[in-house]
Structure formats: structure tokens, C-alpha cells
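So the structure is just underneath, and the comments pick up after that.
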Amino acid sequence: MSILSTLTVNQKIIFFDSSMTIDDIKDFSLDETLFFSFDYESHILLSKNNISHKISDDYINQNDLDSIENTSMKLSHWYDEPKISKLLLYSNINLGALFYVDTFYLLINFLKKYLEINLIIKNFPKSFFYTSTNLLPIVNSFTDLTTEISNHSQNDLIEIPLKIGNTSLPFKLSKNNLSKLRKFSEFFTRIIVRSKINTDNKTILVHNITTQKFSDFYSKISDYPLNVVRYDLIIPAIWNYETYRIMKKSGCIIENNFILSDNIINKKISKSIQDFNNISENLFSTNSFFNTFFQINDCSFWNSFKPIFFKFCTQKFSDYIKQIEITKKLFDKYDFSAIMLWTEYQYEEQILSHFAKQNNIPIIFSQHGFEFDTVEMIKSMTFFRGFPYKSDFVIVWGDLMKNWFVKNGVDSNKIKSLGSPYFSKLSSKNFSPKNDYVLLASDAKAFDFKPEELCIEKIVEYDKIIENISKIVIRLEKNLTIKPHPSKIFNEKKIALKINKNIKIVTGGDIESLLPNCSVLITTNITTSILQALIMKKPVILIRTNSYYGTPHVLKLNGCIEATLDNLESILIKLLSDEKYYRTTIESGNNFLSKYLSNSFNSSDEILKFLSKEIF
């Protein structure tokens, strides 16, 4: 007998999310059932199947979204609470602190659904709710009139761009197979590169500084009295002949987790994980603290959050105990004079920083992105440790960023305005520019830390912006190439194909190879592609998809043109037909670059000179 025939309630409601399929609801009468979509994917699926539905976002307002963001930031530091902080220590490192950012993202996604479900159930108190596995713990917090109607396993596939010639093709690997591929790469690296330590030189650790992008930096290491140990966890040091050649010439000592692991350390890791899991089970069984701590709007959400958070933490604890033990071995193996990091919030950087501080080793934090130097972004930059947190020195790209850091309380003596090795390399290149197409650099999830970005209306608005930009370019009879952010590809291809089959979508890889042949770069975000384009003397147009970030210096100093969908067409026409306006725009971009980038042609040398100083 179908479960539907046993019900005697006023209304049947289905909470439909991206984990569900149309088959999950085939037994329901569409006329007798009210549907709610809980994410963009489920909204699109229901719409395609002509199923009328409400959107869960409509039940919360801007105050709710602000509360979700602020509460998530506060609760992501749960590990600092005196009642539990000591229980989270492993090798004197608080394991909870290592994934505070991941906890924040988990919370904003959870709390948005939590508030929506609460308000929907209040509006339909006598209804029976059918829901996915993902939403069931939350629904159970507010009503007993519920049942699960889908139980699909989560897809753990990761999309990897595979470059063949000038074409980048995406293919998917499971996390397990990706891990195996990484281990093979690490094993291969161990065999083919065998550099040695020169005991007369200082030894510097650099972390996740990619080979090809920073080839200029690596090519000059041998000119300085330095041993550079390259330690990578994400992108392998060597993946093709070019990267092998760069690493071989650099004389770097390459370390990775495969090289550092052995049977003894693996046995210790297994035992340590088992011991800590026993502690964590007792920790999470103590509901009194968590019930009180995990609240929003004075209401505890711990009962529905607990199973999700426990599973989340258990996996993190295991991964990070392993990383701590391997990092210990790295520091036992070398006598580092300094370590250089890109970020201070990722777990691996936090672990490296801990052992550096423990051994009185200076930490150098190096700017790695085009930062938002605005008052509106101070809260986010502080939370994500865009300002120095434990670092002893900061390398920034130029004086504008140095002044911004000083203005926000960073000691000027700690800040070194040395430029970027990548932009030095780019500035030294000779380009044969063409004007074959308009290039659109899109970034669908640039502000994924804002709860608003999870709302269906916001995502549809972004789609409309991409659609309208594409229509304007095609209407002007210009070729269009779209380059989505490599890790944030969204609907760009589907949108483009609907408009014109000749629009080219390039996924994977860096935008650098596309810039020389474009006439204009249009971007939807403040991104390093702006600097790349300006160096190649290409005009840049910014179309805002949001107003979160205020007015950064690249706009204040006319480094690029800020446009709207209303005036984009006229600006493009003027740029592409008025040579004087085109040249003036390029000159404005050059003026901004001169203020933003120091050591435009010799940044690598300046950084290596700094690393060679006696202070280390």
C-alpha cells in the first residue's frame, strides 16, 4: 500500500532539494501537493517539468540573512569555548580551529534552511511534510508530521580540467581516485627530482607556490644562497615536462606527504585517530554545552545540527591528525630559517604556522590575490585572515596595499612592498596582440560567504547578467569568449548556447592565454584577471553582480571602467570605434598599475634578496 493512502491531513507538502529526482515524487498528485524548492538546482528541475512550486528563500528576509552570516561567523569559533577547548587539543593544536572557515560555510547553508523550514511549518501547521534525507533532521525539529521520501547517496565526483593542446576538457574523478592520482604524482616526483641541502645556506620553506605560474621565482633561486624546500598538498610540483624542467633548474628540494610518510608514522597516525575519536564521541555526547551554544534567535538548533556536525568533525579530526604528524616530521627533517605562506586560514597553513612559532621560525605571509581594499570588506578580510594573523612579515604587491594594511592596524615595519613574481614575469613578456573577440571573465560564486548568494533569486539574477552581456556583444556582431572561474563554473555554457552557438566557453586553466587576442575584457568581479589584462594593455569593463564590496582603488583610480547593463553597449561601441577613447582607457590602466604593483619587472629578485637577509 502506498504511504499516501494512509494519510488524513489537510495538506501534503514536499520539501524538494538538489539531492532528489523527479522519480521521488512520481506517486504524488500535483494538484493535491504543494512543493517547495530549497536550492537553485531543484528550482530549475521543477520548472523544467512544469511543476508549480514555492521557493523557500521567500520566507526569509534581509534581517534573517544578516543574522545567518553574523551567527555563523560567531559560532564557527565554537572550539574556543573554555568548557571544550582543552578536549580538542592534539599536539597542543586545537583541531576545531583548523576548520573554522569550513564550519562557517556549513553553518550558513544549514541555518538558511533551518530558518526557512521553521517559518514554512509555522505557516502550514497542519500539513504533512515529505522531505529528502538532507532536510529530515531539521524538519523533525519542528514537527512529527513528516517522512523521508528520498535517500540518494551524495556524489563525490570532482571535476578536473584536462588540457589537450589549446583545449581544456573537464573530466570527473571520485575523491578516492583523485587521492590515488595525487599519490602517484608524489611518488613520481620522489624518483625524478633529488636535490640536496647545502649546509652553508639558509633553508626556506615555501608552501603551495605553483610551479608554472611562478616559474620566474623558481628560475632565480639558484642565484641566491638559499635552500628552498617546496611543500605541496594541493597541486603537485611536477605534472608535465615543463614543470619538471623548472623544478630541476631551481634546485628546490621537493617534499610532499608521500615522501614524508612511512610505516612507523602511519601506525602512529592510525592509533592517534582511534584514540581521539573516543574522546570526540564523549565530547559530542555532552549535550548541555552544545544545546546552549548553538543557537540562533535565542533558539537552539543543536538536535538537528548534531548528526551533521558530528560526521563533519570526525572526518576533519582524522585528516588533520594525519597532517599534524606529517608536518612534525617535516620540521624534524629540516632546520628552517623561515616559512612562506599564501593564506593563514587553511588548515595546512595553520599547522605549519603552529610548528614555526613553536620553533621560533619567522612566518612570511605573501599576498596572493587582488584584495578588496574597502571599508565594506574589513569584516570579511578579518574573518578570513586577509590581514596578518600570526605572520611576522607580509609581502604585498605594492604601496596601495601596504597603506591599506597600515590603515587597518598592521605594523608598517612588518610589511614589505616587493611586488608579485607572477606579474613580473607577465610584464616581461612580449605579446603580439590581436582583437579577435570580447572576453568575459565570469565568477558565479565570488561571494559565496554571503548567505544572499545561496538565494535562488540572486543566482537567477547572475544568470540574467551573463545572458544580457552575451546578447549585447552578439548584437554588436562581435565574437565572444567566456572564461568562467576554474573552480566556480556554473551555467555559463547553457546560457551561451541558447544565445549563439558560436560563443566559445573555455573551462579550466588560466585566463592568461586568452587575453592577448581579446579586444576588451569584461569581468563580473574584482579579480586578478583585471591586472593581467591591464599589463597586456587591454581595456577592462567591470559589471557588478552585487554591491558588497564598496569602491576599491581600481575603480577610484580609473584602472577599469565600471558599467551597468544599461550603458554597456554604448561603452563597448565607443571603445571599439573611438581610438582616442581606447588609448585613454589604456593609459588610465597603466597609471593604476604603476601605483598598485611594485618591482614590475624584478619582483622575484627582490623577494629572494629579502629571504636571504640576516634577519632569517
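Numbering of residues begins at 1 and proceeds along the displayed sequence.
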Going by the side chain to side chain donor-acceptor pair (under 3.5 Å) test, which pairs reach into residues 92-104, not counting sequence neighbours?
-> Y100-R385, D102-K316
Quick one: list whatever passes salt bridge (Lys or Arg N to Asp or Glu O under 4.0 Å) with K407, sequence neighbours left out.
-> none
Does a donor on one side chain and an acceptor on the other come within less than 3.5 Å for E348 and Y231?
-> no
Taking it one step at a time, do L426 and F431 satisfy side-chain contact (heavy atoms from CB on, under 4.5 Å)?
-> CA-CA 10 Å; L426 199 62; F431 299 100; 3.8 Å; yes
What residue pairs, at least two apart or across chains, pass salt bridge (charged side-chain N to carboxylate O under 4.0 Å, His left out) with a residue in residues 548-557?
-> none
What pairs with Y218 under side-chain hydrogen bond (donor to acceptor under 3.5 Å, both in side chains), at least two apart in sequence or on another chain?
-> R230
Charged N to carboxylate O below 4.0 Å: is that the case for E242 and R245?
-> yes
I'd like a table of donor-acceptor pairs (distance under 3.5 Å, sequence neighbours excluded) in which one partner is a side-chain atom from residues 394-404, with atom names and distances.
unit_1, atom_1, unit_2, atom_2, d
W397, NE1, Q367, O, 3.1
D399, OD1, S417, OG, 3.0
N403, ND2, D399, O, 3.2

Residue list, ring-ring contact (aromatic ring centres under 6.0 Å, His included) with Y90, at least two apart or on another chain = none
Looking at F405, F365, F610, which one forms a ring-ring contact (aromatic ring centres under 6.0 Å, His included) with F393?
-> F610
Evaluate the ring-ring contact (aromatic ring centres under 6.0 Å, His included) criterion for residues Y347 and F99: first the C-alpha distance (whole Å), next the side-chain angles of each, then the deciding distance (0.1 Å), finally the verdict.
-> CA-CA 6 Å; Y347 76 91; F99 54 96; 9.6 Å; no
Under 6.0 Å between ring centres, would you say that holds for F104 and F449?
-> no
Please walk me through it: do S604 and D216 pass side-chain hydrogen bond (donor to acceptor under 3.5 Å, both in side chains)?
-> CA-CA 7 Å; S604 296; D216 185 68; 2.6 Å; yes
In chain order, what residues pass the ring-ring contact (aromatic ring centres under 6.0 Å, His included) check against F601, with sequence neighbours excluded?
-> none
Would you tell me whether D510 and Q212 have side-chain atoms, one donor and one acceptor, within less than 3.5 Å of each other?
-> no
Do any pairs count as a salt bridge (charged side-chain N to carboxylate O under 4.0 Å, His left out) and have a residue in residues 410-434, sequence neighbours left out, and if so which ones?
-> K429-E512
Could you tell me whether D332 and K328 have a side-chain N and a carboxylate O separated by less than 4.0 Å?
-> no
May I ask you to check whether H77 and F383 place their ring centers less than 6.0 Å from one another?
-> yes
Using modelled atom types only, decide if a donor and an acceptor are shared between the side chain of Q532 and the backbone of I511 within a distance under 3.5 Å.
-> no
E349 and Y389: side chain donor to acceptor below 3.5 Å = no
Run the salt-bridge test on K609 and D605 with the 4.0 Å N-O cut-off and return the result as yes or no.
-> no
For T327, all residues meeting side-chain hydrogen bond (donor to acceptor under 3.5 Å, both in side chains), sequence neighbours excluded = Q323
Mind checking salt bridge (Lys or Arg N to Asp or Glu O under 4.0 Å) for E255 and listing every partner two or more places apart, or none if nothing turns up?
-> K333
By salt bridge (Lys or Arg N to Asp or Glu O under 4.0 Å) - contacts of K74 (at least two apart) = none
Those residues at least two apart in sequence (or on a different chain) that pass salt bridge (Lys or Arg N to Asp or Glu O under 4.0 Å) with K595 are none
Indicate yes or no: does E344 engage K390 in a salt bridge with an N to O separation below 4.0 Å.
-> no
